[in-house]
Each structure stands twice: as C-alpha cells, then as structure tokens.
Amino acid sequence: MIVRTNAFNTLQRQVQETFDFAVVVCHSVPALKLQMNLLDKGTINQLPTPDYFTINTTTELRTQANGYKEKLATYLFLSSFSFFENYFGSVLKEVFDLNTSIPDKATLENSLNNNTDTKPKRALKGTYDKKHHQRYEKYSSELKANGYISPDELLKIVAFNNLYKTVQNLKANEIPDFLISHFKIEITDTEKAQFSTYRQLRNDIAHGDNPNLDLRKVKEANAFLRKLAAKIDAFLTEHYIKLNNYLE
C-alpha cells in the first residue's frame, strides 16, 4: 500500500483543479469566438452576460482573447511551480508534527530552571556504581516527575528549532541541496538541473519576461514536478514517519 502525506494529496488536488479549469477555458474561448461571429452576422442578438463583469464589445473581447493559449500556459506553469513550493513546506511541517513533540517556551524554561543544581541531578552525576542502582532509579524518577529534559532531548529540540527556521526561510533554488544534506534524499544531477531550469523560468515570468510557453511544455513541467514530489513523499514517509507499533 502506498501511503501519501496530506501535503501530497493537497498538491494533487490543486493541480487537478487547475488543469480542469484550463479545460473549461479551452472550451469557452472557442465558443465565445463562435458566438461573436454569429453576433457579427446577425444570427444572434447578443452575447451571454458574463459573471461578475459587464459585456465588452466584440472588438475588446477579440483583443483580450488574442494569445489566450500562451497566457493560459504561463498561468498554469506558475500555479504548478507554486503548488510544488507549497508542498515542500507543508510536507516538512507535517513530518515534523507527526514525529516531534516540542515543549513551548514557558514549559522549556520552567524545566531548565526547576532542574538546575538540584539534589537528584547532583546524585546522578559521577561514575556509575552498580551498588547505587536503586538510588539512581529513585532520583531519576524524581527528575522525570519534575519535568526534566535530558541533554539528548534538549539538543534535539535545539536542532529541530534551527532546522524548522531554515525551512521557513528557504528559497526555491536551495530545495534540492537542502533535501540532500538534511534528509539524505538522493536527488540526481539531472533532476537538480531540470528543477533549476523551471525555477529560472518561473523567475523570468515574474520579472516580466514573456517565454514561449505552450500547454505541452507546461504538462512536461508539471509531470516533472509531480514526479519529484512523489519521490520526496515516498522517501519521507518511508524513513521519517514513526511506526505506530514499533517497540523501543
């Protein structure tokens, strides 16, 4: 059984809804052009009233519809890339939430203040002596009852907080190397290069350039981003989601 994260399911839904909308547009514009021709010939008296907008003249509408395929492809591409970026942030948060219980600031500070230079901590320091094992158990229980956080747990909290802040401030061009270095996911050089190409294309569009995009190229880009997301999702769910019944 393939288990997917909620983030991946959201990505799939968003992409599907966007392409479904594109199908509607690709039906609507040719239908509108046909109706404008019929209006020009006098076969019909008026165009259907649009939702939310007043009716434009046929001259205005033809100008607005001009090049709609390229515009639609551009918007679809921007949406696909944005959905992938949102997936990346969402899936890491989901993995963190499923695996990590981080105390809030007040709880953490109270634990540190209440367990500073206490009798149980002093008793548990030094070289282990099996003759004092029961004593160790007693003071260990006292520490746990007082909300003690071990150095190992404390270091994990610090590391988690730093990693989470890094994720929140991460830029798109840093995503592949971040996954490789922090989560040990194998992202190939080819995948990195392809992702970089699409990222640069997104930037070019955002900066006002007009790339020569069509729906075929957008489908290729979307297929790549979805495949990359599926690869990331499979790796994270396989290695970074706790097994509910695993006994330590």
Q: Assess whether a salt bridge exists between Glu85 and Lys171, defined as any Lys/Arg side-chain N lying under 4.0 Å from an Asp/Glu carboxylate O.
A: no
Q: I need the minimum non-hydrogen distance between Glu142 and Pro120, along with the two atoms involved.
A: OE1-CG, 3.4 Å
Q: If you measure from CG on Leu163 to CD on Gln168, what distance do you get to the nearest 0.5 Å?
A: 10.5 Å
Q: Give the intermediate values and the outcome of side chain to side chain donor-acceptor pair (under 3.5 Å) for residues Gln16 and Asp20.
A: CA-CA 6 Å; Gln16 186 60 55; Asp20 286 347; 2.8 Å; yes
Q: Main chain of Gly147, side chain of Ser111: is a donor-acceptor contact present, judged purely on distance under 3.5 Å?
A: yes
Q: Are any side-chain N or O atoms of Asn222 and backbone N or O atoms of Val218, one a donor and one an acceptor, separated by less than 3.5 Å?
A: no
Q: Is the side chain of Thr197 donor-acceptor paired with the backbone N or O of Ala193 at a distance under 3.5 Å, no angle test?
A: yes
Q: From Arg4 CZ over to Asn9 CG, what is the distance, rounded to the nearest 0.5 angstrom?
A: 8.5 Å
Q: Mark yes or no for whether Asp209, through its side chain, and Pro211, through its backbone, hold a donor-acceptor pair below 3.5 Å.
A: no
Q: For Gln134, does the CD atom have more than 12 heavy-atom neighbours from other residues, nucleotides or ligands under 6.0 Å away?
A: no
Q: According to a hydrophobic-cluster definition based on side-chain heavy atoms being under 4.5 Å apart (Ile, Leu, Val, Met, Phe, Trp, Tyr only), do Ile55 and Leu32 belong together?
A: no
Q: For His182 and Phe178, take the angle between the two ring planes, folded into 0 to 90°, and tell me which bin it lands in: parallel under 30, tilted 30 to 60, perpendicular over 60.
A: parallel
Q: Quick check: do Phe88 and Leu170 have side-chain heavy atoms less than 4.5 Å from each other?
A: yes
Q: Compare all side-chain heavy atoms of Tyr68 with those of Pro30 and state whether any distance is below 4.5 angstrom.
A: yes
Q: Under the 3.5 angstrom rule, does the side chain of Lys192 hit a backbone N or O of Ile187 as a donor-acceptor pair?
A: no
Q: Are Thr49 and Thr54 packed together at the side-chain level, in the sense that at least one heavy-atom pair is separated by less than 4.5 angstrom?
A: no
Q: Between CZ of Arg13 and OG1 of Thr18, what distance do you get to the nearest 0.5 Å?
A: 9.5 Å
Q: Has the side chain of His207 got a donor or acceptor atom that lies under 3.5 Å from a matching backbone atom of Asn203?
A: yes
Q: I'd like to know if the side chain of Asn110 and the backbone of Ala106 have a donor-acceptor N/O pair within less than 3.5 Å.
A: yes
Q: Could you tell me whether Tyr128 atom OH has more than 12 heavy atoms of other residues or ligands within 6.0 Å of it?
A: yes
Q: On a heavy-atom basis, which atom in Leu143 and which in Leu124 lie closest, and how many Å separate them?
A: CD1-CD1, 3.6 Å
Q: Evaluate the criterion side chain to side chain contact (heavy atoms under 4.5 Å, CB included) for residue pair Leu201 and Leu213; output intermediate values, then yes/no.
A: CA-CA 10 Å; Leu201 178 59; Leu213 267 179; 4.1 Å; yes
Q: Start with the C-alpha distance between Asn6 and Ser90, add both sets of side-chain angles, then the distance that settles side chain to side chain contact (heavy atoms under 4.5 Å, CB included), and finish with yes or no.
A: CA-CA 9 Å; Asn6 292 330; Ser90 297; over 6 Å; no
Q: Can you tell me how far the CG atom of Asp129 sits from the CZ atom of Arg135, to the nearest 0.5 Å?
A: 10.0 Å
Q: Hey, mind stepping through Arg202 and Leu78 against side chain to side chain contact (heavy atoms under 4.5 Å, CB included) and telling me if it holds?
A: CA-CA 6 Å; Arg202 188 278 307 270; Leu78 288 176; 3.9 Å; yes
Q: Compare every heavy atom of Thr5 with every heavy atom of Val91, then report the nearest pair and how far apart it is.
A: CG2-OG1, 3.6 Å
Q: For salt bridge (Lys or Arg N to Asp or Glu O under 4.0 Å), just list the numbers for Glu186 and Lys231, CA-CA rounded to whole Å, side-chain angles, deciding distance to a tenth of an Å, and then say yes or no.
A: CA-CA 9 Å; Glu186 183 181 346; Lys231 177 178 180 176; over 6 Å; no
Q: So, Lys217 side chain and Asn212 main chain: donor-acceptor pair closer than 3.5 Å or not?
A: yes
Q: Mind running side chain to side chain donor-acceptor pair (under 3.5 Å) on Asn115 and Asn146 for me, showing each step along the way?
A: CA-CA 7 Å; Asn115 293 289; Asn146 203 34; 3.2 Å; yes
Q: State, to 0.1 Å, how close Ala65 and Lys33 come at their nearest heavy-atom pair, and which atoms those are.
A: CB-CE, 4.3 Å
Q: Whether the side chain of Tyr136 engages the backbone of Lys130 through a donor-acceptor N/O pair (distance < 3.5 Å, no angle test) should be reported.
A: no
Q: Answer yes if Tyr75 and Phe77 sit in the same cluster of Ile, Leu, Val, Met, Phe, Trp and Tyr residues linked by side chain heavy atoms under 4.5 Å apart, and no otherwise.
A: no
Q: Please give me the minimum heavy-atom distance between Gln35 and Leu47, naming the atom from each residue.
A: CB-CD2, 3.7 Å
Q: Would you say the side chain of Gln12 lies within less than 4.5 Å of the side chain of Arg226, judging by non-hydrogen atoms?
A: yes
Q: Which of parallel (below 30°), tilted (30 to 60°) and perpendicular (above 60°) describes Tyr164 and Phe96?
A: perpendicular
Q: Quick check against the 3.5 Å criterion: does Thr43 have a side-chain atom that pairs as donor or acceptor with the backbone of Leu39?
A: no
Q: Any non-hydrogen side-chain atom of Ile149 less than 4.5 Å from a side-chain atom of Ile157?
A: yes
Q: According to the interplanar angle, ranging from 0 to 90°, do the rings of Phe84 and Phe195 count as parallel (below 30°), tilted (30 to 60°) or perpendicular (above 60°)?
A: tilted
Q: Rounded to the nearest 0.5 Å, how far does CZ of Phe235 lie from CD1 of Ile185?
A: 5.5 Å
Q: Could you report the tightest heavy-atom contact between Arg62 and Asp40, atom names first, then the distance?
A: NH2-OD2, 2.7 Å
Q: Roughly how far apart are Thr10 OG1 and Asn86 CG, rounded to 0.5 Å?
A: 8.0 Å
Q: What class does the angle between the rings of Phe8 and Tyr87 fall in, given that below 30° is parallel, 30 to 60° is tilted and above 60° is perpendicular?
A: perpendicular
Q: Is Lys69 salt-bridged to Asp214, going by a charged N under 4.0 Å from an acidic O?
A: no
Q: Determine, using the 4.5 Å side-chain heavy-atom cutoff (strictly less than), whether Leu34 and Val25 are members of one ILVMFWY cluster.
A: no
Q: Check whether the ring centres of Tyr198 and Phe81 lie less than 6.0 Å apart, and answer yes or no.
A: no
Q: Side-chain contact, heavy-atom cut-off 4.5 Å: Ile241 with Leu236?
A: no
Q: Please name the residue in the list Arg199, Gln194, Gln200 that meets the side chain to side chain contact (heavy atoms under 4.5 Å, CB included) test with Ser196.
A: Arg199
Q: Quick one: does Phe19's side chain get under 4.5 Å of Ser80's, heavy atoms only?
A: yes
Q: So, do His27 and Val23 sit near enough that their side-chain heavy atoms are less than 4.5 Å apart?
A: yes
Q: Going by the angle between their ring planes, with limits at 30° and 60°, are Tyr240 and Phe183 parallel, tilted or perpendicular?
A: perpendicular
Q: For side chain to side chain contact (heavy atoms under 4.5 Å, CB included), just list the numbers for Lys121 and Tyr139, CA-CA rounded to whole Å, side-chain angles, deciding distance to a tenth of an Å, and then say yes or no.
A: CA-CA 8 Å; Lys121 285 187 74 173; Tyr139 286 121; over 6 Å; no
Q: Answer yes when Lys93 and Asp97 have at least one side-chain N-carboxylate O distance shorter than 4.0 Å, and no when they do not.
A: yes
